[in-house]
Amino acid sequence: MKPFYIYNTLSRSVEELKPLNPPVVTLYSCGPTVYLPQHLGNLRTYISWDFLRRTLELNGYQVRHVINVTDVGHMTSDEDEGEDKIEKTARAEGKSPLEVASFYLAMFQRDLAALNQEQPMVWCRATDHIGDMIVLIERIVAAGMAYVTKSGVYFDVEKYRGARRIGKLSRQSLDEQHAGQRLEHSPDKKSPHDFALWVLNQPHHLMQWDSPWGRGYPGWHIECSAMSMKYLGETLDIHTGGMDHIPIHHENEIAQSESATGRPFARYFVHSAFLVGKSGSKISKSAGKFPLLADVTAAGLDPLAFRLFCFGAKYRSELALADEGLRAAQSNLDYLREFARNLPAEAAAATRDSEFAEEYRERFLEALNNDLNTPQALAIALELVAEAYRRNDRTIWNTLMFFDRVLGIGLEKTRAAGQAAAFPPDIQALIDERAEARKGRNFKRADELRAILEARGYEVKDGKGGAATYLRRDA
RNA sequence: GGCGGCGUACCCAAGUGGCUAAGGGAGAGGUCUGCAAAACCUCCAUUCUCCGGUUCGAAUCCGGACGCCGCCUCCA
């Protein structure tokens with residue numbers, strides 16, 4: 001097995017991955033809050049984790065991937081008070097919080113499917129794991145790292161600071177954080193840094209559960225600790241999330257998890273950079289208007305063009321969303337598909353590729369194993385195809401299939417669709433008429449028919465001696 | 001106030017001490033073609049925001065300036 005290197009926020013350096021129990025790798029991805037559609041920035045993050053997972057699988061690892069969904073607990077204002085964002089949407093749309101969450105979760109999952117994301121082993125929702133969270137909070141309380149007040153159960157950051165280190169990830173000392181400077185915090189908290197494990201006495205909150213401390217609901221961070229440990233064990237290999245989770249969410253997850261178990265929580269923390277707008281500013285839900293996958297398809301682009309667009313930049317670099325960039329990705333997609341469609345049967349059936357392809361295969365894997373350098377990997381894939389055209393030797397299909405295990409653009413499907421070219425009768429009639437016209441050198445009519453076919457979503461390509469191919473665009 | 005990141009051609013984007021600064025898109029020219037498309041070939045940054053420094057050698061390291069952005073409240 002070749003070494004796989006990944007940037008670990010814990011050490012701030014690229015490290016070789018050494019899973020706890022190889023060949024299994026446990027991977028937990030911090031999921032989104034489902035009260036609005038997930039924008040392209042959110043989707044980029046999950047596609048990055050899909051690249052990570054597929055690369056690990058390409059290396060022979062068995063990945064146990066869990067993605068959670070936050071369907072309770074986010075405040076609009078203070079960390080402990082105020083209205084839950086899901087509840088806010090629920091009130092606005094006249095639905096129950098669970099209906100809102102289910103609706104946007106389904107939309108999120110549809111988007112990921114359209115982007116050819118592999119299904120995680122487990123999708124877990126916070127509201128299905130309240131019991132697990134309560135058990136974990138009890139362990140933290142028993143460890144003496146939390147205290148109970150009338151407004152909730154809080155994690156005692158000061159006490160934890162004495163025992164271990166906080167600021168492992170953000171490299172910020174507590175004094176530097178100025179927590180509570182911009183917002184009021186609960187007077188019950190011993191320190192503004194303390195965060196809620198369980199919130200009590202918020203009668204207006206719609207989602208409430210019974211607990212040993214009274215009726216209430218869980219704090220935000222506890223769900224990830226509880227669910228990741230439940231499905232992946234007390235120490236997981238890789239924990240992923242957006243950059244924005246480094247200073248608060250993941251810091252707190254580590255603190256509460258390690259307080260409960262006394263063991264390291266995650267061996268590798270991997271964080272992704274943002275998709276940004278044209279001014280370089282972050283695309284975020286709270287900013288009001290934000291681009292969706294539906295906008296990409298409405299612009300006539302394939303969802304997989306967005307996937308390739310993301311593949312074209314490193315997960316740790318900000319990526320600027322630009323129309324020209326998306327169109328470039330669509331061109332790459334068309335280029336690869338075109339090759340797959342027109343692949344001669346004998347080239348597809350070959351069990352061994354031509355020798356020159358071998359070097360590309362190695363370079364591709366090497367690029368990915370170097371902290372997921374997807375843009376380099378993409379360049380290598382495109383170069384291989386160009387090289388095949390140049391040599392007029394297309395026996396590279398096995399290598400392309402190898403690439404597609406991470407690229408995830410479904411080239412096999414494209415090729416199969418190219419083989420089975422059965423057209424609807426009306427389309428076939430137009431094709432036949434066009435063949436006749438060309439045969440009779442009636443090019444004016446032939447061009448008209450080409451325009452009609454193209455308008456119906458077919459691609460028309462003429463070859464020598466009256467040959468022509470017709471393809472559905474979306475195949 | 002603190003912490004962090006970024007600035008590579010018209011656009012997106014690799015490269016982080018040493019072969020000619022990846023790759024794609026756009027653009028220009030060409031081959032092929034009834035035309036168009038696709039594909040292929042050629043061209044397209046003596047230079048990496050700017051100014052100093054270290055070094056035999058820097059886009060890459062150090063210092064400074066300018067510009068853009070993120071986080072410290074929920075956010076991928």
Side-chain angles (χ1 to χ4, degrees), chain A residues 29-33 35-36 38-49 70 73-80 82 84-85 167 170-173 175-185 220 240-249 271-287 308-309 312-332 334-335 338-339 341-342 367 373-383 385-386 388-390 392 438 441-444 446-447 450-451 454 459-464 466 469:
Chain A
S29 297
C30 257
T33 314
Y35 63 97
L36 283 174
Q38 305 306 316
H39 54 65
L40 293 178
N42 299 119
L43 296 176
R44 181 203 178 190
T45 294
Y46 298 100
I47 294 171
S48 294
W49 309 145
T70 302
H74 282 199
M75 305 300 102
T76 51
S77 60
D78 190 277
E79 64 193 85
D80 306 322
D84 189 304
K85 284 184 176 177
S170 65
R171 296 282 164 104
Q172 264 185 301
S173 73
D175 305 320
E176 287 165 348
Q177 278 187 9
H178 291 249
Q181 181 177 276
R182 283 159 56 189
L183 293 164
E184 298 283 314
H185 66 272
W220 175 38
T240 69
M243 296 284 250
D244 48 344
H245 283 155
I246 295 173
I248 299 290
H249 183 50
H271 293 102
S272 61
F274 295 124
L275 182 72
V276 297
K278 57 175 178 288
S279 62
S281 57
K282 176 186 169 188
I283 292 164
S284 67
K285 287 195 183 111
S286 47
L308 272 193
F309 176 68
K314 282 204 66 174
Y315 76 99
R316 283 200 293 125
S317 296
E318 284 186 348
L319 172 58
L321 185 65
D323 292 345
E324 242 182 309
L326 286 172
R327 268 183 268 119
Q330 179 74 53
S331 291
N332 290 158
D334 292 341
Y335 180 73
E338 189 66 21
F339 184 89
R341 270 190 206 116
N342 298 331
N373 194 330
T374 52
Q376 217 167 64
L378 177 60
I380 290 160
L382 294 171
E383 281 170 13
V385 174
Y389 276 125
R390 221 172 286 139
N392 199 21
R438 290 185 73 215
R441 300 193 69 80
N442 183 355
F443 297 121
K444 186 164 176 280
D447 289 349
R450 169 163 55 205
E454 284 177 346
E459 197 172 76
V460 178
K461 288 183 188 176
D462 297 337
K464 286 180 194 167
T469 55

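Just so we're clear, the structure is a prediction, and the values are computed from it rather than from any experiment. Chain letters run A, B, ... following the sequence lines, proteins first, then strands; residues in each count from 1.
- Across the C1' atoms, B:rC56 and B:rC6 are found 31 Å apart, a figure rounded to whole Å.
- Atom CG of A:L382 and atom CG of A:N332 lie 5.0 Å apart (nearest 0.5 Å).
- For A:I248 and B:rG4, the CD1 to P distance is 15 Å, given to the nearest whole Å.
- Considering only side-chain atoms of A:A446, the nucleotide from B:rC72, B:rG34, B:rA14 that sits closest is B:rG34.
- For A:R450, the salt bridge (Lys or Arg N to Asp or Glu O under 4.0 Å) partners at least two apart in sequence or on another chain are A:D447, A:D462.
- Atom CG in A:L319 sits about 16 Å away from atom C1' in B:rG70, given to the nearest Å.
- A:I283 has its CD1 atom 13 Å from the P atom of B:rC71, to the nearest Å.
- Between B:rU47 and B:rG4, the distance separating the two C1' atoms is 29 Å to the nearest Å.
- One finds a side-chain N or O of A:K282 lying less than 4.0 angstrom from the OP1 or OP2 phosphate oxygen of B:rC71.
- Remark: A:F443 engages no residue in a ring pair (Phe, Tyr, Trp, His ring centres under 6.0 Å) (not counting sequence neighbours).
- Looking only at distances, a side-chain donor or acceptor of A:Q38 sits under 3.5 Å from a matching main-chain atom of A:T33.
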Each nucleotide of nucleotides 16-30 of chain B classed B (base within 4.0 Å of a protein heavy atom), S (only sugar-phosphate) or -, in 5' to 3' order, makes ------BSSB-----

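- For A:A446, the side chain to side chain contact (heavy atoms under 4.5 Å, CB included) partners at least two apart in sequence or on another chain are A:R434, A:A437, A:R438.
- With sequence neighbours left out, A:A386 forms a side chain to side chain contact (heavy atoms under 4.5 Å, CB included) with A:Y335, A:R390.
- Between the NZ atom in A:K314 and the OG atom in A:S272 there is a gap of 13.0 Å [rounded to 0.5 Å].
- B:rC11 and B:rC50 have their P atoms separated by 15 Å, given to the nearest Å.
- Minimum atom distance to the side chain of A:A320 is reached by B:rC12, of the listed B:rC12, B:rG15, B:rA76.
- Using a 4.0 Å heavy-atom cutoff across all strands shown, A:L275 reaches at least one base atom of the nucleic acid.
- As rounded to the nearest Å, B:rA76 and B:rC40 have C1' atoms that lie 41 Å from one another.
- Atom C1' of B:rA38 sits at a distance of 35 Å from the matching atom of B:rC48, rounded to the whole Å.
- Between the P atom of B:rC35 and the CG atom of A:D447 lies a distance of 11 Å, rounded to the nearest Å.
- Distance from the side chain of A:F443 is smallest to B:rG34 among B:rC11, B:rA76, B:rG34.
- Between atom CG of residue A:L40 and atom CG of residue A:L326 there is a gap of 7.5 Å, rounded to the nearest 0.5 Å.
- Note on A:R450: a base of the nucleic acid sits closer than 4.0 angstrom, heavy atoms only.
- On the C1' atoms, B:rG67 is 29 Å away from B:rG27, given to the nearest whole Å.
- Checked against side chain to side chain contact (heavy atoms under 4.5 Å, CB included), A:T240 has the following partners two or more places apart in sequence or in another chain: A:L27, A:S29, A:W49, A:L52, A:I238, A:V270.
- A:H249 comes within contact range of no nucleotide atom at all, as no heavy-atom separation falls under 4.0 Å.
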Output one line per pair: protein atom, nucleotide atom from nucleotides 6-9 of chain B, and distance, for all N/O pairs under 3.5 Å.
none

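- Residue contacts shown for A:Y389 are limited to sugar-phosphate atoms, with no base heavy atom under 4.0 Å away.
- Annotation: salt bridge (Lys or Arg N to Asp or Glu O under 4.0 Å) contacts of A:E324 (sequence neighbours excluded): none.
- Using a 4.0 Å heavy-atom distance criterion, A:D462 is classed as a base contact.
- Position along RNA chain B of the nearest nucleotide to A:Q38 versus A:D334 favours A:D334 as the more 5'-ward residue.
- Considering only residues two or more places apart in sequence or on other chains, A:N42 meets the side-chain hydrogen bond (donor to acceptor under 3.5 Å, both in side chains) condition with A:H39.
- Backbone-only engagement by A:Y46 is indicated by non-hydrogen atom pairs under 4.0 Å involving sugar-phosphate atoms exclusively.
- If you take CG of A:L308 and P of B:rA13, they are 15 Å apart, rounded to a whole angstrom.
- Taking the ring pair (Phe, Tyr, Trp, His ring centres under 6.0 Å) definition, one finds that A:F274 meets it with nothing, sequence neighbours left out.
- A:L36 has its CG atom 14 Å from the C1' atom of B:rA76, to the nearest Å.
- Atom C1' of B:rG23 sits at a distance of 26 Å from the matching atom of B:rC69, rounded to the whole Å.
- If you check every strand for non-hydrogen atoms under 4.0 Å, A:S317 touches sugar and phosphate atoms only.
- Annotation: side chain of A:F309 is in contact with side chain of A:L321 (closest heavy-atom distance under 4.5 Å).
- B:rG1 and B:rC10 have their C1' atoms separated by 40 Å, with the value rounded to a whole Å.
- Remark: A:A313 pairs with A:R44, A:L319 by the side chain to side chain contact (heavy atoms under 4.5 Å, CB included) rule, at least two apart or across chains.
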Its dot-bracket string being built from Watson-Crick and G-U pairs below 3.5 Å, with | for another strand and [ ] for crossing, RNA chain B has the pattern ((((((((.[[[..)..(....]]].(((((.......))))).....[[[[[..)....]]]]])))))))....

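- A straight line from NZ of A:K444 to C1' of B:rA36 spans 17 Å, rounded to a whole angstrom.
- Computed from coordinates, the A:R390 CZ to B:rC40 P distance equals 7 Å when rounded to whole Å.
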